[in-house]
Amino acid sequence: MAEVIKMPRLSDTMEEGVVAKWIKQKGDKVEEGDILAEIETDKATMEFESFYSGTLLHIGIEEGEAAPVDTLLAIIGEEGEDISSLLDGQSGGASAEKASSEKASSEKPESSEKSEPVEESSSEEGSSEGGEIPEGVEVIKMPRLSDTMEEGTVASWIKKEGDKVEEGDILAEIETDKATMEFESFYSGTLLHIGIQEGETAPVDAVLAIIGPEGTDVSSVVKGGGKAKPAPKKTEEKKKEKAEEPETSQASGSATTPDGGRIFASPLAKKMAEDKGINLADVKGSGENNRIVKKDIENFKPSEKTAQAQPAAAPSQEQKAPAAQTYVPAGEESFEEIKNSQMRKTIAKRLGESKFTAPHYYLTIEVDMANAMANRKQINELPDVKVSFNDIVIKATAMALRKHPRVNSQWTGDTTKIAKHIHMGVAVAVEDGLVVPVLKYADQMSMTQIGGQVKELAGKARNKKLQPQEMEGSTFTVSNLGMFGITEFTSIINQPNSAILSVGAIVEKPVVRNGQIVVGNTMKLTLACDHRTVDGATGAQFLETLKMYLENPVTMLA
């Protein structure tokens with residue numbers, strides 16, 4: 001008897017999973033204990049093994065797709081076993097029900113009676129499912145390439161329509177909310193149709209492409225895709241608007257020439273002329289039948305005739321002082337719209353949630369960096385060693401967290417989780433926004449080890465090669481804008497952390513030492529804390545310890 005396998009709950013916070021990769025394919029033999037697939041959770045990508053033996057008869061969630069826990073993942077049974085009842089029944093999943101309801105609703109308006117059309121639609125559905133997709137043709141959907149991805153943008157197509165495609169070839173580069181990733185084909189054939197053009201954004205599961213034998217007619221597949229072709233509708237609407245526009249504007253043609261002739265202008269041109277105080281009779285139209293359009297108003301300049309008419313209209317009683325000319329604003333109001341990347345959307349969502357749910361407060365101290373500068377100079381004189389001020393700050397912060405574990409905590413509602421380990425998140429600016437790679441067990445690392453790992457992770461981040469596991473698990477975060485000359489700033493907490501440290505630039509300024517004003521070098525540090533977990537006194541004590549380590553780096557060795 002066939003066994004239904006559902007999307008497992010692989011972590012305590014997992015609500016849905018993404019099938020990163022199928023190890024077994026439909027029709028493969030499966031033994032108990034074999035790895036079926038790699039499933040990406042909200043924390044990591046994990047191997048999922050089978051608890052049954054048999055043949056993989058059905059795959060319910062394709063690679064790259066996400067589905068809630070308990071959704072139909074696969075069916076294993078005896079080779080050739082009929083599983084139609086499992087697919088049509090309760091185990092069929094929400095997607096099948098949604099698809100059938102969409103088809104039924106789309107066919108329903110075509111008929112006038114209620115009883116017969118329902119039977120017709122269901123029968124047509126069954127036949128279309130069986131014969132609509134030609135043999136050998138594969139429909140490729142927009143994959144879910146990260147756990148938070150809801151839509152993707154096609155950055156570029158590597159293959160074009162009509163190109164030959166082999167299994168494993170890169171089809172396109174797809175921009176997710178975290179990175180731009182190469183998407184490879186799992187099928188061989190000819191690229192018959194591209195459903196999402198370069199630069200366009202579409203939700204996960206929208207039709208991305210169709211691959212099959214050369215010359216295969218896939219027009220019925222494209223039309224039946226539902227989500228695949230919203231563009232034609234817009235095109236038809238635009239054509240309809242264009243067809244109606246001349247009638248509207250001609251019917252509402254509003255002005256006349258001095259000799260009583262009619263002036264034709266588009267509604268937009270009329271509105272712009274009215275706002276700018278331009279007489280339509282003075283404007284020469286460049287549209288069809290000399291119709292005045294938007295660009296004619298934008299490019300209009302008062303003629304000499306108009307300029308001469310103004311002084312002629314008013315009596316020249318005061319010729320000694322020329323009349324003040326009325327200022328007429330010139331130019332065009334315009335905006336440039338830049339499409340938000342998936343990463344930018346995710347940053348906005350996560351930081352908004354942090355700012356508006358965690359009660360932030362801020363503590364700032366000023367640190368004398370004279371000893372730190374001297375010690376760094378000595379360290380960097382050693383061969384093959386290079387330590388930055390950022391490395392020193394990260395090391396000192398990790399050491400201070402050891403003494404103040406309450407700052408290294410998380411708010412969960414019913415409890416406060418105090419981390420016994422120190423995983424330091426380091427904010428790195430990339431082209432599309434901000435990512436936070438994580439240094440695991442930073443308190444156990446030397447400054448040179450910290451520097452090497454930060455450099456490696458920052459390079460990966462800028463090249464969009466960071467893996468999800470390299471950005472997970474931080475317990476505290478450091479953000480440094482000192483290299484940009486910023487002396488002091490505040491940051492938004494990177495949840496679920498309870499605090500984030502903002503590091504400013506080292507500034508040369510007068511300081512008082514032993515009662516004397518001398519030239520010193522100071523740096524400002526600002527700690528943003530979640531007041532639910534870190535009280536003011538706790539945050540202040542943490543900064544006091546951090547200041548001690550930075551002003552006397554040798555104490556970090558004690």
Side-chain angles (χ1 to χ4, degrees), residues 11-13 42-44 148 346-365 367 390 393-428 433-445 450 454 457 468-481 488-504 524-550 556:
S11 76
D12 53 346
T13 57
D42 57 340
K43 294 183 176 178
T148 56
T346 302
I347 290 171
K349 181 181 177 183
R350 298 286 171 82
L351 294 186
E353 289 173 353
S354 175
K355 186 67 175 177
F356 301 128
T357 58
H360 288 53
Y361 72 92
Y362 305 94
L363 302 171
T364 301
I365 59 168
V367 180
N390 193 54
V393 170
I394 291 173
K395 177 64 176 178
T397 302
M399 297 287 289
L401 287 172
R402 272 190 193 171
K403 298 199 175 219
H404 304 278
R406 186 83 188 183
V407 182
N408 198 45
S409 62
Q410 299 175 7
W411 172 266
T412 64
D414 294 330
T415 62
T416 296
K417 293 169 67 175
I418 299 176
K420 300 296 184 182
H421 56 281
I422 297 171
H423 289 351
M424 193 73 67
V426 182
V428 175
L434 192 73
V435 293
V436 185
V438 178
L439 303 180
K440 303 290 177 71
Y441 307 104
D443 57 319
Q444 301 175 23
M445 301 169 69
I450 289 172
V454 168
L457 291 173
Q469 60 267 26
E470 292 174 316
M471 297 183 281
E472 295 173 346
S474 67
T475 59
F476 187 92
T477 305
V478 172
S479 179
N480 190 342
L481 292 179
E488 182 180 359
F489 68 104
T490 59
S491 301
I492 297 174
I493 297 169
N494 179 33
Q495 288 193 335
N497 299 172
S498 286
I500 183 170
L501 184 71
S502 305
V503 183
K524 287 188 177 180
L525 302 174
T526 300
L527 183 69
C529 303
D530 184 342
H531 217 318
R532 298 174 299 181
T533 50
V534 182
D535 293 330
T538 305
Q541 290 163 3
F542 167 80
L543 286 177
E544 188 177 31
T545 302
L546 177 58
K547 181 176 181 179
M548 178 195 70
Y549 282 139
L550 289 173
M556 285 190 274

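In this chain, numbering begins with 1 at the start of the sequence shown. Note that the coordinates shown come from a computational prediction; the quantities given were computed from them, not determined experimentally.
Considering every non-hydrogen atom in both H360 and A358, the closest pair reads ND1-O, 2.8 Å. Across F542 and H404, no two heavy atoms sit closer than the pair CA-CD2, 3.6 Å. Considering all non-hydrogen atoms of both residues, L550 and V393 come closest at CD2-CA, 4.1 Å. Closest approach of G539 and L363 over heavy atoms only: C-CD1, 3.6 Å. Of all heavy-atom pairs spanning Y549 and A400, the tightest one is CE1-N, 3.7 Å.
You'll find the side chain of V436 stays beyond 4.5 Å of the side chain of M471, heavy atoms only. The side-chain heavy atoms of F489 and S479, taken from C-beta on, include a pair separated by under 4.5 Å. Side-chain atoms of M424 and I450, non-hydrogen and from C-beta on, never get closer than 4.5 Å to each other. When side chains are defined from C-beta on, L501 counts as touching L546, because their heavy atoms get closer than 4.5 Å. Looking at I394 and V426, their side chains come closer than 4.5 Å, going by heavy atoms from C-beta outward. Side-chain contact between I492 and I500 is absent, with no heavy atoms from C-beta onward closer than 4.5 Å. A heavy-atom distance below 4.5 Å is not found between the side chains of V534 and L527. Residues P359 and R532 form a side-chain contact, since some pair of their non-hydrogen atoms from C-beta on lies under 4.5 Å apart.
Side-chain atoms of Y361 come within 3.5 Å of backbone atoms of D535 as a donor-acceptor pair (strictly under, hydrogens ignored). In this structure, S354 contributes its side chain and I493 its backbone to a donor-acceptor pair below 3.5 Å. A donor-acceptor pair is defined here as one N or O able to donate and one able to accept, closer than 3.5 Å; such a pair exists between the side chain of S409 and the backbone of R406. Judged purely by atom type and a 3.5 angstrom limit, N408 uses its side chain to pair as donor or acceptor with the backbone of A419. K395 contributes a side-chain N or O that, together with a main-chain N or O of D443, makes up a donor-acceptor pair within less than 3.5 Å. In this structure, N497 contributes its side chain and S474 its backbone to a donor-acceptor pair below 3.5 Å.
Atom CD1 of I422 and atom CG of L401 lie 5.0 Å apart (nearest 0.5 Å). Taking CZ of R350 as the reference point, atom CD of E353 lies at 7.0 Å (rounded to 0.5 Å). If you take CD1 on I365 and CG on L543, they are separated by 4.5 Å, rounding to the nearest 0.5 Å. The distance from the OG1 atom of T397 to the CG atom of L525 is 7.5 Å, given to the nearest 0.5 Å. For the atom pair NZ of K420 and OG1 of T475, the computed distance is 12.5 Å after rounding to the nearest 0.5 Å.
Within a 6.0 Å radius of OH in Y441, other residues, nucleotides and ligands contribute 12 heavy atoms or fewer. Dense packing is recorded around NZ of K440, with more than 12 heavy atoms of other residues, nucleotides or ligands lying under 6.0 Å away. Atom CD of E544 sits in a sparse spot, with 12 or fewer heavy atoms from other residues, nucleotides or ligands closer than 6.0 Å.
With no hydrogens or angles considered, no side-chain donor-acceptor pair links T533 and T416 at under 3.5 Å. Between S491 and S502, the side chains place a donor N or O and an acceptor N or O closer than 3.5 Å (distance only, hydrogens not considered).
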